[in-house]
Amino acid sequence: MKKLLFLILLTLSNIAVFAQSGTGPEMADVFRSSGKIYVVVAIVVIILAGLAIYLFSIDRRLRKIEKEK
Amino acid sequence: MEIISQIAANFYHFLQGQMTKMWWKVGTVILLFYTIIAGFLLGVPDKYILNETIRNLYFHVPMWMAMLSVFVMSVFYSIRYLDKGLEKDDLASVECVNTGMFFYVLGLLTGMLWAKYTWGAYWSGDPKQNSAAIAFLLYCAYLVLRNSIDEEQKRAKISAIYNIFAFPIMIVLIFVIPRMTDSLHPGNGGNPAFGRYDLDGRMRAVFYPAMAGWSLLAVWIATIRYRIRLIEYKNNSLD
């Protein structure tokens, strides 16, 4: 477990270490600095949550029907 | 041979037993949430032409992985049908293909949109695109062939055999032929795959969970379709 946690920590550490280079191709840095990319992420998360709940409810109804058989 | 059939039998019973369980469905949803949040917000390499569309790697490629997962399962059930002759294995096989076709279309469409903004056109007659379209028709033919046969056992047997042959042909068309000619698609025709330069550690941390998450989602949908189909089948055979 300890080894696994350490492995995960090391795997994720490169995210923090990676610095954005000053010059290079144009990326969506400006867009992000205005802070609105999070709106899009939130909307996609809502959609995914809705779909997940929908799938779970279909699954539950199906299980009920299977039990009646 | 004995060992292989033993492994196959164990795998089959594992699949059947876990089908109605909750734990892997919760896992699927967690993986997908992580994929979408991290896929939008974590850092990606800066590349000309690709720019932020490099994030499509987390969404376009897993569609194909999801398709592949259910198609592999479909072949597994087809082989099992030919071995045991159980009707429900045939139903499982066809529902896996149906789900796979859904993700196939999503893969094609997302690929086309990505191509528009990186290659310049939705469809540029690239070997990868053309092969994918041909393989798509191959599976359309499977469904048409299947629906054109009325007699149940004949239908099951012929479609199982067709499915087993269609799968390797699809693999060759999509994953082998484009590699042997010039193609714009990464990983094909001398083009470096993303793994070479772009798929650094940051992208791997999102890419692999995305592959697993979307594959499991496809399997989940396939099991739901299969369970509905099974109930329909039982109702019809009672009448």
Side-chain angles (χ1 to χ4, degrees), chain A, chain B residues 19-22 24-55 58-59 200-206 208-209 213-214 216-235 238:
Chain A
M1 196 63 203
K2 231 177 205 170
K3 266 185 191 165
L4 192 71
L5 275 175
F6 190 60
L7 187 72
I8 291 166
L9 202 73
L10 279 182
T11 319
L12 294 176
S13 68
N14 63 69
I15 296 160
V17 169
F18 237 92
Q20 195 75 256
S21 57
T23 53
E26 196 177 325
M27 302 300 274
D29 302 333
V30 183
F31 184 47
R32 198 159 291 121
S33 70
S34 69
K36 285 179 184 162
I37 183 70
Y38 298 103
V39 181
V40 185
V41 175
I43 286 171
V44 177
V45 165
I46 290 169
I47 292 171
L48 186 66
L51 282 174
I53 292 166
Y54 186 51
L55 259 180
F56 274 120
S57 77
I58 290 172
D59 208 277
R60 211 179 46 229
R61 270 173 66 184
L62 195 55
R63 209 168 321 159
K64 225 178 263 173
I65 294 170
E66 281 172 341
K67 265 184 196 146
E68 279 170 17
K69 289 274 145 189
Chain B
M19 190 167 63
T20 52
K21 294 285 190 299
M22 216 57 174
W24 61 276
K25 293 165 189 173
V26 175
T28 305
V29 171
I30 291 170
L31 278 175
L32 288 182
F33 271 116
Y34 166 73
T35 300
I36 280 174
I37 296 168
F40 273 114
L41 297 180
L42 287 190
V44 288
D46 301 355
K47 298 282 169 196
Y48 290 108
I49 301 172
L50 273 175
N51 304 88
E52 292 280 352
T53 69
I54 198 169
R55 293 180 194 279
Y58 306 143
F59 303 106
D200 55 41
R202 293 177 299 168
M203 291 194 79
R204 276 179 216 279
V206 184
Y208 294 135
W214 289 102
L216 284 168
L217 184 77
V219 173
W220 185 6
I221 294 170
T223 62
I224 286 175
R225 293 190 63 118
Y226 163 67
R227 285 154 67 190
I228 293 172
R229 188 73 169 246
L230 204 61
I231 290 167
E232 281 173 354
Y233 174 73
K234 279 175 185 162
N235 282 349
L238 284 178

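Letters go in sequence order (proteins before strands), and every chain restarts at 1.
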### Query
From B:M19 CE over to A:R63 CZ, what is the distance, rounded to the nearest 0.5 angstrom?
10.5 Å
### Query
Side chain, backbone, both or neither: which part of A:L48 has an atom under 4.5 Å from a heavy atom of chain B?
both
### Task
Please examine the side chains of A:L55 and B:V29, heavy atoms only from C-beta on, and report whether any two atoms are closer than 4.5 Å.
no
### Query
Between A:V45, A:V41, A:L62, which shows the greatest number of heavy-atom pairs under 4.5 Å with chain B?
A:L62
### Task
Indicate yes or no: at least one non-hydrogen side-chain atom of A:D59 is less than 4.5 angstrom from one of B:R227.
yes
### Message
What part of A:A49 gets within 4.5 angstrom of chain B, counting heavy atoms only: side chain, backbone, both, or neither?
### Response
both
### Message
Please classify the contact of B:I228 with chain A as side chain, backbone, both or neither, using a heavy-atom distance under 4.5 Å.
### Response
both
